[in-house]
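Treat the numbers as computed from the prediction; the structure is a model and nothing was measured. Chain naming here is simple, since letters A, B, ... match the order of the sequence lines and numbering starts at 1 in each.
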Number of protein chains: 2
Amino acid sequence: MEWLNAEEKDAWTGLVSLLLLMPGRLEAPLQQESGLSLFDYLVLSHVSEAPDRTMRMSELAHLANGSLSRLSNVVKRFEQRGWVVRSPDPDDGRYTVAFLTDEGYEVVEAAAPTHLRTVRQFVLDPLSAADRQALTRIAAKLSVTIPPP
Amino acid sequence: MEWLNAEEKDAWTGLVSLLLLMPGRLEAPLQQESGLSLFDYLVLSHVSEAPDRTMRMSELAHLANGSLSRLSNVVKRFEQRGWVVRSPDPDDGRYTVAFLTDEGYEVVEAAAPTHLRTVRQFVLDPLSAADRQALTRIAAKLSVTIPPP
DNA sequence: ACTGTTGACTTCAAGCGTGAAGTCAATGGA
DNA sequence: TCCATTGACTTCACGCTTGAAGTCAACAGT
C-alpha cells in the first residue's frame with residue numbers, strides 16, 4: 001500500500017484540520033449568543049423554510065446532515081422548549097412531522113444574523129470566488145462518495 | 001445584512017455537509033477495525049513520528065487539532081491501556097510529555113493501513129490533482145482566519 | 001527570599017451523539 | 001384476512017467532548 005505523496009498529504013492535512021477545527025469556530029458565536037449548536041441552527045432553519053413550517057423528520061435529518069437518532073434527540077429538546085411540535089403525518093401515520101412554533105421561529109430569526117456573520121467571517125470572506133466554486137465542486141465530489149445514511 | 005447569493009450558498013452548503021458528514025465516514029472503518037476514533041489515530045500517529053516517540057502534550061494537542069482538555073482525556077485512556085506513558089518534562093517540570101510505548105506503537109501501526117485506505121477512498125481518490133491543490137489552498141486560507149486556541 | 005502571576009495540564013460535571021434495541025404503521029405476500 | 005416484513009422514529013445506555021475549576025511548576029517583581 002502506497003503512502004501519501006506530498007500533494008496528497010497537504011490536501012489531507014488541510015482537510016482534517018478543517019474538519020476538526022472549523023465546527024467549533026462556527027459554533028462558538030451561535031452558542032454564546034443564542035445557545036444553539038450549528039446542527040440546532042440548521043434544523044430550525046430548514047424547518048422554518050418548509051411549507052407551513054412543517055417537515056417530516058426523515059427529510060429534516062437529511063437536510064440538516066444528521067442521523068435520525070441525533071435529530072430525534074435534538075427535536076425532543078426543542079419540543080420541551082416549545083419551539084417545535086411533533087405529530088404523526090396525517091398523510092401517512094408511519095411518518096412523524098415536525099412543526100415550528102411561533103416561538104421557535106423567533107429563535108431562529110434572532111440567531112440568523114449571528115450565523116450569517118460567522119459564516120461570512122470564517123468561510124466566505126477569506127475565499128476568492130474561484131475558491132468558493134472549487135469548494136462547491138470538491139464538496140460535491142466528496143459527498144457523492146458518501147454512502148446514504 | 002446581505003444574505004448569501006447563489007454561489008456563496010452553494011459553497012457554504014457544500015462545506016457544512018462536509019463538516020457534518022465526513023468525520024463519521026472517516027471514522028467508521030477505523031472504529032470497526034481498531035476501535036479508534038479519527039482523533040485517537042491522529043494522536044497516536046503524531047507521537048509515533050516524534051523523536052524518541054515523545055512529545056509535549058501541548059504540542060500534541062496542536063498537531064492533532066484538539067483541545068488540551070480533549071487530549072488529556074484521550075491520553076488518559078491510552079495510558080490506562082498501556083499505550084502511552086505521561087511524565088513531567090525533564091527539561092521543564094511545567095510541561096508534561098507523552099511517550100508512546102511499544103504496545104501503543106503496534107496499535108497505530110496496525111491501524112495505519114485502514115486509515116490510509118479510508119482517506120484514499122473518501123478523500124483523495126474522488127478528487128483530481130487540481131482539486132487536491134485547491135483543497136490545500138482553501139484549507140490554508142480558512143485556517144489562517146481561525147484564532148489560536 | 002517571598003509571593004503573585006502565568007501557563008501547562010488534569011479533573012469535574014453536564015450535555016450530546018451514537019449504535020442498538022424497541023415500538024408502530026403500512027405494505028405485500030400467502 | 002392474517003401476518004411477516006419493512007422502514008420511520010424514539011428511547012436507552014454508554015462513552016466522549018466541553019468549559020469551568022483546580023493543581024502545579026516556573027517566572028517575574030518587590
Side-chain angles (χ1 to χ4, degrees), chain A residues 19-32 35-43 47 54-81 84-99 147-149, chain B residues 19-32 35-43 47 55-81 84-99 148-149:
Chain A
L19 294 177
L20 291 179
L21 295 177
M22 184 60 87
R25 297 295 187 272
L26 294 172
E27 293 208 329
L30 258 183
Q31 199 67 257
Q32 281 159 28
L36 299 176
S37 72
L38 178 59
F39 186 72
D40 289 346
Y41 178 83
L42 291 174
V43 169
V47 72
T54 301
M55 192 179 278
R56 279 178 179 170
M57 293 286 279
S58 43
E59 178 69 8
L60 191 48
H62 176 71
L63 287 181
N65 301 290
S67 65
L68 255 174
S69 173
R70 182 179 187 183
L71 180 66
S72 189
N73 279 291
V74 166
V75 172
K76 183 175 180 176
R77 273 193 280 111
F78 290 171
E79 204 170 31
Q80 287 163 351
R81 295 178 194 164
V84 170
V85 174
R86 282 182 293 186
S87 54
D89 189 332
D91 296 332
D92 188 335
R94 287 173 296 186
Y95 294 88
T96 300
V97 292
F99 165 71
Chain B
L19 294 177
L20 290 179
L21 294 177
M22 185 60 87
R25 297 296 188 272
L26 293 171
E27 293 209 327
L30 258 183
Q31 199 66 258
Q32 281 160 26
L36 299 176
S37 71
L38 178 59
F39 185 71
D40 288 347
Y41 178 84
L42 291 174
V43 168
V47 70
M55 191 180 277
R56 279 180 179 167
M57 292 287 280
S58 44
E59 178 68 10
L60 190 48
H62 177 70
L63 287 181
N65 302 288
S67 66
L68 255 173
S69 172
R70 185 181 187 182
L71 179 67
S72 189
N73 278 291
V74 165
V75 171
K76 183 176 181 175
R77 271 192 283 112
F78 289 170
E79 205 170 31
Q80 287 163 351
R81 296 179 193 163
V84 171
V85 174
R86 282 182 291 186
S87 52
D89 189 332
D91 296 331
D92 188 334
R94 288 172 298 187
Y95 294 89
T96 300
V97 293
F99 164 73

Chemist: To the nearest Å, give me how far apart NE2 (A:His62) and P (D:dC9) are.
Modeler: 13 Å
Chemist: Could you check whether any side-chain heavy atom of B:Met55 comes within less than 4.5 Å of a side-chain heavy atom of B:Val97, counting everything from C-beta outward?
Modeler: no
Chemist: Atom CG of A:Leu21 to atom C1' of D:dT17: distance rounded to whole Å?
Modeler: 14 Å
Chemist: Separation of B:Leu36 atom CG from D:dG15 atom C1', in whole Å?
Modeler: 15 Å
Chemist: Among the nucleotides D:dT17, C:dC9, D:dC9, which one has an atom lying closest to any side-chain atom of B:Val74?
Modeler: D:dT17
Chemist: Going through the checks in order, is the salt bridge (charged side-chain N to carboxylate O under 4.0 Å, His left out) test met by A:Arg94 and A:Asp89?
Modeler: CA-CA 7 Å; A:Arg94 287 173 296 186; A:Asp89 189 332; over 6 Å; no
Chemist: Mind listing the residues from residues 87-95 of chain B sitting with a heavy atom below 4.0 Å of DNA chain D? Number order is fine.
Modeler: B:Asp92, B:Gly93, B:Arg94
Chemist: Given atom CG of B:Leu26 and atom P of C:dT18, what is their separation to the nearest angstrom?
Modeler: 14 Å
Chemist: Do A:Val75 and A:Arg70 have side-chain heavy atoms sitting under 4.5 Å apart?
Modeler: no
Chemist: Quick check: do A:Met57 and A:Leu71 have side-chain heavy atoms less than 4.5 Å from each other?
Modeler: yes
Chemist: Name the residue from B:Leu42, B:Val74, B:Val84, B:Val43 that meets the side chain to side chain contact (heavy atoms under 4.5 Å, CB included) definition with B:Leu60.
Modeler: B:Val43
Chemist: With respect to the phosphate group of C:dC16, does any side-chain polar atom (N or O) of A:Arg77 fall under 4.0 Å of OP1 or OP2?
Modeler: yes
Chemist: Which whole-number value in Å describes the distance from B:Leu68 CG to D:dG19 P?
Modeler: 13 Å
Chemist: Contact class for B:Ser67 vs. all strands (heavy atom < 4.0 Å): base, sugar-phosphate, or nothing?
Modeler: sugar-phosphate
Chemist: Quick check: do A:Asp40 and A:Arg77 have side-chain heavy atoms less than 4.5 Å from each other?
Modeler: yes
Chemist: Between B:Leu19 and A:Leu26, is any pair of side-chain heavy atoms under 4.5 Å apart?
Modeler: yes
Chemist: Nearest whole angstrom, please: distance from the C1' of C:dT10 to the CG of B:Leu60.
Modeler: 15 Å
Chemist: Does B:Arg86 make a side-chain N or O approach to OP1 or OP2 of C:dT10 shorter than 4.0 Å?
Modeler: yes
Chemist: Do A:Ser69 side-chain and C:dG19 base share a donor-acceptor contact under 3.5 Å?
Modeler: yes
Chemist: Within this structure, what is the CZ-to-C1' distance between B:Arg70 and D:dT18, rounded to whole angstrom?
Modeler: 10 Å
Chemist: Rounded off to whole Å, could you give me the CE-to-P distance for the A:Met55 and D:dC9 pair?
Modeler: 12 Å
Chemist: When we call it a touch if two heavy atoms are under 4.0 Å apart, what does A:Ser72 touch: a base, just sugar-phosphate, or nothing?
Modeler: base
Chemist: Toward the 5' end of DNA chain C, which comes first, B:Asn73 or A:Ser37, by nearest nucleotide?
Modeler: B:Asn73
Chemist: Strictly below 4.0 Å: does B:Lys76 bring a side-chain N or O up to OP1 or OP2 of C:dT11?
Modeler: yes
